[in-house]
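What follows is a single structure, and I will ask about it in a moment.
From a predicted model like this one, the values you see are computed outputs, not experimental measurements.
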Amino acid sequence: MSQIIDWEYYNSHFPNSIPEEQFEAIEQQAEIEYEAVVKPYMNVSAVKERDCIFKLCNFIYENKDVLYGKPVTSVSNNGYSESYGVQNFTQAAEQMKELIYSTIGTRLAGAF
């Protein structure tokens with residue numbers, strides 16, 4: 001599988017979020033999620049495709065515990081506890097689909 005974005009592109013736009021040694025695996029997972037939603041008949045520009053993979057990489061990395069089977073029910077932020085957050089895989093999968101649709105600029109594309 002060819003990479004849509006590479007570490008240098010990612011790091012130059014969003015430095016130090018995903019460690020370089022984890023980036024390739026996360027980018028490949030982002031492409032798999034993207035291709036599960038975006039079909040060949042959807043005309044998506046290369047810029048929107050890169051932006052989408054970029055956002056998916058961040059989402060996957062930030063939600064890796066949930067996506068790999070560890071549910072999150074609360075989030076602690078500098079001593080403040082918040083009870084929202086992705087709680088299960090189904091919620092994370094739905095959020096990824098919504099992220100893809102919003103990034104490529106269509107919500108009806110999957111209906112055809």
Side-chain angles (χ1 to χ4, degrees):
M1 179 180 286
S2 66
Q3 283 188 305
I4 293 174
I5 62 173
D6 60 12
W7 169 252
E8 286 77 23
Y9 176 85
Y10 176 83
N11 194 44
S12 68
H13 288 82
F14 200 78
N16 303 324
S17 181
I18 301 173
E20 185 173 4
E21 60 275 0
Q22 295 178 5
F23 178 77
E24 186 175 338
I26 290 173
E27 196 276 344
Q28 287 178 0
Q29 183 63 40
E31 285 190 39
I32 290 168
E33 299 298 339
Y34 176 83
E35 290 172 2
V37 173
V38 178
K39 306 300 180 210
Y41 58 81
M42 297 174 166
N43 189 10
V44 178
S45 72
V47 171
K48 286 185 179 183
E49 183 179 59
R50 275 194 314 271
D51 288 347
C52 189
I53 297 298
F54 181 84
K55 289 177 182 179
L56 280 170
C57 285
N58 288 332
F59 182 87
I60 290 168
Y61 183 71
E62 291 168 3
N63 294 285
K64 64 184 176 288
D65 288 342
V66 171
L67 293 169
Y68 300 128
K70 187 192 284 185
V72 176
T73 57
S74 65
V75 177
S76 178
N77 186 9
N78 294 331
Y80 295 98
S81 183
E82 301 172 11
S83 62
Y84 65 87
V86 177
Q87 295 181 0
N88 61 45
F89 180 81
T90 303
Q91 287 176 325
E94 286 301 314
Q95 287 183 358
M96 280 192 288
K97 284 181 187 175
E98 191 59 41
L99 181 116
I100 293 167
Y101 286 130
S102 66
T103 303
I104 64 174
T106 183
R107 188 63 188 105
L108 298 174
F112 295 106

Quiz item: Out of curiosity, D51 CG to S45 OG, how far, rounded to the nearest 0.5 Å?
Solution: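 D51 CG to S45 OG: 8.0 Å, rounded to 0.5 Å.
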Exercise. Grab the two heavy atoms, one from E27 and one from C57, that are nearest each other, plus how far apart they are.
Key: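 What the structure gives for the nearest pair is CA-SG, 3.6 Å.
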Quiz item: Which residues pass the side chain to side chain donor-acceptor pair (under 3.5 Å) test with E33, sequence neighbours left out?
Solution: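 Counting only residues at least two positions away or on another chain, E33 forms a side chain to side chain donor-acceptor pair (under 3.5 Å) with Q29.
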Quiz prompt | Donor-acceptor pair, side chain of E31 and main chain of I4, under 3.5 angstrom | solution =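 Confirmed, E31 side chain pairs with I4 backbone.
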Quiz item: Is the closest side-chain heavy-atom distance between M96 and F59 below 4.5 Å?
Solution: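 Answer yes - side chains close enough.
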Quiz item: Hey, are the side chains of E21 and W7 touching, using non-hydrogen atoms and a 4.5 Å cut-off?
Solution: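 No - every pair of side-chain heavy atoms lies 4.5 Å or more apart.
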Quiz item: Below 4.5 Å, heavy atoms only, C-beta onward: do L99 and Y34 meet side chain to side chain?
Solution: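 Counting from C-beta outward, L99 and Y34 never come under 4.5 Å.
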Quiz item: Within 45° of the ring axis of Y41 and under 6.0 Å from its six-membered ring centre, is that where the NZ or CZ of K39 lies?
Solution: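 Cation-pi check for K39 and Y41: fails.
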Practice problem: Find the distance between CD1 (I26) and CD1 (I18) and round it off to the nearest 0.5 Å. | Solution: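 CD1 of I18 is found 4.5 Å from CD1 of I26.
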Quiz item: When rounded to the nearest 0.5 angstrom, what distance separates NZ in K55 from CD1 in I53?
Solution: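 These two atoms lie 12.0 Å from each other.
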Quiz prompt | Contact check, side chains of Y101 and V38, non-hydrogen atoms, under 4.5 Å | solution =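 The answer is no; the side chains never approach within 4.5 Å.
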Exercise. Please step through side-chain contact (heavy atoms from CB on, under 4.5 Å) for the pair Q3 and F23, ending with a clear verdict.
Key: CA-CA 11 Å; Q3 283 188 305; F23 178 77; 4.0 Å; yes
Quiz item: To the nearest 0.5 Å, what is the distance between CD1 (I100) and SG (C52)?
Solution: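 SG of C52 is found 5.0 Å from CD1 of I100.
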Quiz item: Hey, mind stepping through N58 and Y10 against side-chain contact (heavy atoms from CB on, under 4.5 Å) and telling me if it holds?
Solution: CA-CA 10 Å; N58 288 332; Y10 176 83; 2.4 Å; yes
Quiz item: Counting distance only, does the side-chain N/O of N88 pair as donor-acceptor with the main-chain N or O of Q91 below 3.5 Å?
Solution: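 Yes; judged by distance alone, with no hydrogens or angles, the pair exists.
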Exercise. For L67 and A92, work out which heavy atoms get closest and say how close.
Key: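 Taking every non-hydrogen atom into account, CD2-CB, 3.5 Å.
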Self-check item: Atom pair CG/NZ of L56 and K97 - distance to nearest 0.5 Å
Solution: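 The CG atom of L56 sits 12.5 Å away from the NZ atom of K97.
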Quiz item: Do the side chains of F54 and T103 get nearer than 4.5 Å, heavy atoms only?
Solution: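 When only atoms from C-beta onward are counted, F54 and T103 do not touch, as no gap falls below 4.5 Å.
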